[in-house]
S.K.: 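Have a look at this one before I ask anything.
This structure is a prediction, so every number in the text was calculated from the model and none was measured.
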Amino acid sequence: MIRTKRTASRSNTNRTSLRARIRQMHRSLNQHQWEKCFQLIDPKLRAEGRVSFPAYAEGLHEFMQAFGAVRPWHVRINLYLDGSKNKRDPRPFAYVYVIWQDAEHDFHMFRDRWVKADGRWYTRVVGLVPNRPASSQDPVSAKR
């Protein structure tokens, strides 16, 4: 019984801190603060050189031009705190599903993998690619 309470408490703490990091990511994205978004990428990916800041920032800029602000509607988090069974990466991780609305009020879904490193949650997503071509006008000004 005590073990169950501890596990639930640990799970709730992780879920709360991960939700805060997800909100921070969306807030930074909507404010075009690409550096802050970049700092939320898994340090292991950044250290291995799998993502460069200039390419990452350009990708986010193109994404925002295509969709406008990201307005989250629902966030679902599936935690996997015992990563010891994963031979490639034993860190705790989570799958995060975010249903969000764009500037044209269309719904979309992000499916992200987050990992916990040094007590903080980081995304494994190294870029956002619009799944529709960017128009010559941004969606916000086109609606006006």
S.K.: Assess whether side chain to side chain contact (heavy atoms under 4.5 Å, CB included) is satisfied between Trp100 and Phe110, documenting all intermediate values.
M.R.: CA-CA 8 Å; Trp100 59 278; Phe110 290 138; 3.5 Å; yes
S.K.: Is there a side-chain contact between Asp106 and His108 in this structure, where contact means two heavy atoms from C-beta onward sitting under 4.5 Å apart?
M.R.: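 Contact flag for Asp106/His108 side chains = yes.
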S.K.: Which residues pass the side chain to side chain donor-acceptor pair (under 3.5 Å) test with Asp118, sequence neighbours left out?
M.R.: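 Partners of Asp118 by the side chain to side chain donor-acceptor pair (under 3.5 Å) criterion come out as none, since no residue qualifies.
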S.K.: Taking all heavy atoms of Ala69 and all of Met64, pick out the closest pair and write down the distance.
M.R.: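 Looks like CA-CE, 4.0 Å.
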S.K.: Of all the heavy-atom pairs spanning Trp121 and Pro92, show the shortest one and how long it is.
M.R.: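 So the minimum-distance heavy-atom pair works out to CZ3-O, 4.0 Å.
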S.K.: For Gln33, enumerate each residue passing the side chain to side chain donor-acceptor pair (under 3.5 Å) test, keeping only those at least two apart in sequence or located in another chain.
M.R.: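 Gln33 satisfies side chain to side chain donor-acceptor pair (under 3.5 Å) with Gln31 once adjacent residues are dropped.
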S.K.: Would you indicate whether the side-chain heavy atoms of Phe67 and Leu128 approach each other to under 4.5 Å?
M.R.: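 With C-beta onward as the side chain, the pair stays apart.
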S.K.: So, for Ala94 and Ile77, which heavy atoms are closest and what is the spacing to 0.1 Å?
M.R.: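 Answer, listing the atom of Ala94 first, then Ile77: CB-CG2, 4.2 Å.
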S.K.: Applying side-chain contact (heavy atoms from CB on, under 4.5 Å), can you list everything that pairs with Arg111, at least two apart in sequence or on another chain?
M.R.: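 If we apply the side-chain contact (heavy atoms from CB on, under 4.5 Å) test to Arg111, skipping adjacent residues, the hits are Tyr97, Met109.
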S.K.: Among all residues two or more places apart in sequence or in another chain, which pass the side chain to side chain donor-acceptor pair (under 3.5 Å) test with Arg76?
M.R.: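 Result, side chain to side chain donor-acceptor pair (under 3.5 Å) vs Arg76: Asn78.
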S.K.: Is it true that Val51 and Phe63 fall in one hydrophobic cluster, defined by side-chain heavy atoms closer than 4.5 Å?
M.R.: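 Yes; Phe63 is reachable from Val51 via cluster members.
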S.K.: Using side-chain heavy atoms (C-beta onward) and a distance below 4.5 Å, is His26 in contact with Val98?
M.R.: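 Yes. Closest side-chain heavy atoms under 4.5 Å.
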S.K.: To the nearest 0.5 Å, tell me how far Arg120 CZ sits from Ser17 OG.
M.R.: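 The distance works out to 9.5 Å.
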S.K.: Does Tyr80 have any ring pair (Phe, Tyr, Trp, His ring centres under 6.0 Å) partners at least two apart in sequence or in another chain, and if so, which?
M.R.: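 For Tyr80, the residues satisfying ring pair (Phe, Tyr, Trp, His ring centres under 6.0 Å) (neighbours in sequence not counted) are Phe93, Tyr95.
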S.K.: Applying side chain to side chain donor-acceptor pair (under 3.5 Å), name anything that partners Thr16, two or more places apart in sequence or on another chain.
M.R.: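 By the side chain to side chain donor-acceptor pair (under 3.5 Å) rule, Thr16 matches no residue at all.
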S.K.: Does Arg113 use its side chain to pair, donor to acceptor, with the backbone of Val125 at less than 3.5 Å?
M.R.: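 A pair under 3.5 Å: no.
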S.K.: So, using side-chain contact (heavy atoms from CB on, under 4.5 Å) as the criterion, who are the partners of Ser52 when residues are at least two apart?
M.R.: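 Once residues adjacent in sequence are excluded, the partners of Ser52 under the side-chain contact (heavy atoms from CB on, under 4.5 Å) criterion are Pro54, Ala55.
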S.K.: For residues 12-28, which residue pairs qualify under salt bridge (Lys or Arg N to Asp or Glu O under 4.0 Å), counting only residues two or more places apart or in two chains?
M.R.: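 Matches after skipping sequence neighbours: none remain.
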S.K.: Applying a strict under-4.5 Å side-chain criterion to I, L, V, M, F, W and Y, I'd like to know whether Phe53 and Met25 cluster together.
M.R.: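 Yes; Met25 is reachable from Phe53 via cluster members.
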S.K.: Measure across Thr123 and Trp114 and return the closest heavy-atom pair with its distance rounded to 0.1 Å.
M.R.: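 Minimum heavy-atom separation between Thr123 and Trp114: N-CE3, 3.3 Å.
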S.K.: Donor-acceptor pairs under 3.5 Å, side chain of residues 35-45 to any protein atom, not counting sequence neighbours: which ones?
M.R.:
| residue | atom | partner | partner atom | Å |
| --- | --- | --- | --- | --- |
| Gln39 | OE1 | Arg46 | NH1 | 3.2 |
| Asp42 | OD1 | Lys44 | N | 3.1 |
| Asp42 | OD1 | Arg91 | NH1 | 2.9 |
| Asp42 | OD2 | Arg91 | NH2 | 2.7 |
| Asp42 | OD2 | Arg124 | NH1 | 2.5 |

S.K.: Indicate the atoms forming the closest heavy-atom contact of Val126 with Tyr56, along with that distance.
M.R.: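 What the structure gives for the nearest pair is O-CD1, 3.0 Å.
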S.K.: Indicate yes or no for a side-chain donor-acceptor contact from Asn86 to the backbone of Pro90 under 3.5 Å, with no hydrogens or angles considered.
M.R.: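 Looks like no, no N/O pair under 3.5 Å.
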S.K.: Any non-hydrogen side-chain atom of Val75 less than 4.5 Å from a side-chain atom of Val96?
M.R.: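 They are in contact (side-chain heavy atoms under 4.5 Å apart), so the answer is yes.
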S.K.: Quick one: salt bridge (Lys or Arg N to Asp or Glu O under 4.0 Å) partners of Arg50, sequence neighbours excluded?
M.R.: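 Salt bridge (Lys or Arg N to Asp or Glu O under 4.0 Å) list for Arg50, sorted by chain: Glu48.
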S.K.: Could you work out, with ring pair (Phe, Tyr, Trp, His ring centres under 6.0 Å) as the rule, every residue matching His32, not counting sequence neighbours?
M.R.: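 Once residues adjacent in sequence are excluded, the partners of His32 under the ring pair (Phe, Tyr, Trp, His ring centres under 6.0 Å) criterion are Trp34.
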